[in-house]
Amino acid sequence: MRWGLAVMACGLIMMTGCSGGSSSSQPSGPAPTQPPVANAGGPYTGTVGTPVTFSGSASTDPQGQTLTYQWDFGDGVKGTVVSPTHTYPQVAGVTSSVYTVSLIVTDTSGLNSQASTKATIQGVPLLTDAALTGVVTTGSKPIVGAHVYMFAANNAGYGQTSVNLLSLTETGTSDSLGAYVQTDSFGRFTMTGTYTCTAGQQLYLYSLGGNSGAGANASAALLAVIGSCPSSSGPAIAVTVNEVSTVAAAYAMAPFATDAIHVSSSGTPLALVGIANAFANAANLATLSTGVALATTPAGNGAVPRTEINSLADALEPCVDRGINPAVDSCVLLFTNALSGGFTGTVPAETATAAINIAHNPGVNVTSVFNLPGASPAYTPALGAAPNDFTVAITYSGGGLNGPRGVAIDGAGNAWVTNGAGNSVTKLSSAGAVLSGTTGYTTGGLNSPYGIAFDGTGNAWIANSGNNSVSEFSSSGAVLSGSGGFNVGGLNGPRGIAIDGAGNVWVANFGGNSVTKLSSAGAAASGSPYTAGLNQPYGIAIDGSGNAWIANFGTNSVAKLNSIGVAAGGSPFTGGALASPLGVAADSAGNVWLANTTGASVTKLSQAGAVLSGTTGYAAGGIGSPYGIAIDGSGNTWVANQTPYNLTELSSTGSLLSGSGYYASSGLNSPTAVAIDGSGDAWVANNTGSSVSEFIGVAPPVITPIAAGLPASFTADGTSKLGTQP
């Protein structure tokens, strides 16, 4: 009150000639810091498949401080620069989509504000059908009178019924599943003029019933994947629908299929990318026109397990063609060994769903399925004995693959592999085709690269142990970090690398017993490198609270640092059988999972560092010298075991899901890393084999890249969308 009176008095004096002497009675101190003002620009318009440029340049800060930018384009993809570009995908069945685009700007004082705008994106028009003809056979026999349906995956949510694309007006025939065409006396059918699809829709054929010579068989059901909606201006499509095409379709579609007529996704942009890539996998397993299993992928660099595909087809054939062995009910034998839940669940009513169930549970009843009675194999060459499991894995080579150490998946479903022995990075498409040339990417300071991770803009960040640097590449392979990479912030023998929700890059320095934090521009953060509780750190993961979890190989422990590098209470954490941990992954609940290389086990810790996996960890399922670890879209954990060259799958509670033990493939050779993609495939880096194995359709699809599952604003309990379906 006295201050107020003094001001009033000075005011009166000033009116009569008071000078500045009164200023000493006014309060002093800095003016309060004001938050920045975000401006997302817009509204924006664009077209599917064409980059849209956004601008936050009109954002301001009252103090003139430097701003950082966090964009959310409304389709699950993020950006971290002032004027990013983003390309929206086609949403099946939708001609125009409106996305809410948000921008958070943060100044150097840590204050932020948010603004939103709209982006209206035009789709592509409906396409009339391409000419399609086909034949339905079992072995070499035609199936007469089968109902053949054209279905599209439903993108209204997981578990939805597939969409029938045939027109009753055109076909003139319909049943409880909708319109269909019927095979003639030679098993032939045509769909010219009978369907209309939308660009981006994923199509498949479903044949049900018919007669292969032993009478009508309602249990005979076969599949064939067409893939993306074809244009009427494209070439005519020829299809052979048989047991081989069914196996190829079942494994390709398995992550999105409940059964043969329930194939669907959530319809988010990331999910649409994932399901499109999944459908494309079928063409890597069998030739659509002939229904013959492939030995090599169409790109020429992938070894396909043809004998296994043929053996699975042979297991289906006695039920499809019930005339093979009329004394035995082959369908009952097949169906009781192909329950929806593996050892439990629903008994399938037809062979296509049985094939999908086997793909869902590839380690269950393997010997029984292999030994199903029938005539001599219709599809050859086939396996001579029952395999360890019925996972279907393609192994890719070439493209500079040389001593692979790390593997990561980008938002388009491409797999990027670091080649420790080749000083390079190889980029493979979702179908395994080499996209980075014959030697891979070799510039930008790559030197004994280990870990790799992607930021929200699709750029790849690679830890180079050989020259203590980090390289950044654009999604097209352009170097963004200069000729020698970023070499700041105390980088020293870097191994693991991870990106947080704000686009910062965290690097575990094995040689420096520290962690480096870089901004999205490659600048070292204040206080970096951080050293609290770190000893030979290797793997690193970020949770929803922005905490970095670092596996300490040297002290059998795991350190937890908050977003500014301060160690959490109790860090580093020990116990739970932690033993030379290398790989580490965070799940949606904020828990962390660690692969214990010398302990032959996996340890799970809570957000607070409490052991959740018991005193001995999870040690079942053939876990041996585990290196890599990853979380799939259902929160299950995948472990790459260097010895004895296999994969283990555990549930979120540590229960063994990989059959009676583990998943194996002849292509696995000293695996060091595993990553799950948005199609439900598991990609494994084979260090000694200089190759990469892709296990088709073996897991629930997950949001990729990993950083896309993290929130831009930290959660208090560490929760996030890590390990969830797109």
Side-chain angles (χ1 to χ4, degrees), residues 68-81 84 86 101-106 110 112 114 266 268-271 273-274 408-411 451-461 472 496-508 515 517-520 525 539-551 560-565 568 583-593 605-607 629-635 637 652 675-678 701-726:
T68 58
Y69 301 82
Q70 299 174 37
W71 291 87
D72 186 330
F73 301 117
D75 62 350
V77 180
K78 302 171 185 176
T80 57
V81 297
H86 177 57
V101 179
S102 63
L103 170 64
I104 298 174
V105 295
T106 305
N112 61 64
Q114 181 173 338
S266 66
T268 65
L270 285 176
V273 170
I409 312 299
D410 66 19
I452 181 170
F454 289 92
D455 63 23
T457 62
N459 297 330
W461 295 76
E472 181 187 10
I497 190 167
I499 315 291
D500 66 22
N504 300 305
V505 182
W506 294 73
V507 188
V515 166
K517 179 183 176 183
L518 304 177
S519 72
S520 59
I540 185 167
I542 311 296
D543 67 21
S545 294
N547 300 309
W549 294 81
I550 307 101
K560 177 184 177 182
L561 305 181
N562 69 11
S563 60
I564 57 174
V584 58
D587 64 23
S588 62
N591 305 311
V592 291
W593 298 70
L605 301 179
S606 73
Q607 172 73 187
I629 193 166
I631 310 294
D632 69 22
S634 289
T637 300
S652 60
I676 311 300
D677 68 15
V702 71
I703 291 174
T704 59
I706 290 175
L710 290 169
S713 298
F714 301 142
T715 58
D717 57 2
T719 56
S720 66
K721 292 185 178 180
L722 294 173
T724 63
Q725 295 187 35

What are the two closest heavy atoms between [X] and [Y], and how far apart are they?
X: I629; Y: G583; answer: CG2-C, 3.5 Å
X: P84; Y: F73; answer: CG-CZ, 3.7 Å
X: G76; Y: L270; answer: O-CD1, 4.3 Å
X: G539; Y: V584; answer: C-CG1, 3.3 Å
X: S266; Y: A271; answer: OG-CB, 3.3 Å
X: S102; Y: Q114; answer: CB-NE2, 3.6 Å

State the [atom1]-[atom2] distance between [X] and [Y], to the nearest 0.5 angstrom.
X: Q70; Y: N112; atom1: CD; atom2: CG; result: 7.5 Å
X: I497; Y: W461; atom1: CD1; atom2: CH2; result: 7.5 Å
X: I703; Y: I676; atom1: CD1; atom2: CD1; result: 14.0 Å

For [X], which residues count as a side chain to side chain contact (heavy atoms under 4.5 Å, CB included) partner, sequence neighbours excluded?
X: L722; value: A586, I706, L710, S720
X: S634; value: D632, N636, P700, Q725
X: T457; value: T80, D455, N459
X: V273; value: N277

Taking [Y]'s backbone N and O only, do any of them form a donor-acceptor pair with [X]'s side chain (distance below 3.5 Å, no angle check)?
X: S545; Y: T715; result: yes
X: K517; Y: S563; result: yes
X: K560; Y: Q607; result: yes
X: W71; Y: V81; result: yes

**Request:** Check ring pair (Phe, Tyr, Trp, His ring centres under 6.0 Å) between F454 and all other residues, then give those that pass, not counting sequence neighbours.
**Result:** W416
**Message:** Checking I631 against V702 for the side chain to side chain contact (heavy atoms under 4.5 Å, CB included) test, could you report, in this order, the C-alpha distance in whole Å, the side-chain angles of both residues, the deciding distance, and whether it holds?
**Reply:** CA-CA 8 Å; I631 310 294; V702 71; over 6 Å; no
**Request:** With side chain to side chain contact (heavy atoms under 4.5 Å, CB included) as the test, would you mind laying out the steps for H86 and D75 before giving the verdict?
**Result:** CA-CA 10 Å; H86 177 57; D75 62 350; 2.6 Å; yes
Residues which pass side-chain hydrogen bond (donor to acceptor under 3.5 Å, both in side chains) with [X], listed by chain and number, not counting sequence neighbours:
X: W506; result: D500
X: N562; result: none
X: T724; result: none

**Message:** Any non-hydrogen side-chain atom of I104 less than 4.5 Å from a side-chain atom of S713?
**Reply:** yes
**Prompt:** Do D410 and P705 touch side chain to side chain, with heavy atoms closer than 4.5 Å?
**Reply:**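 Side-chain contact under 4.5 Å: no.
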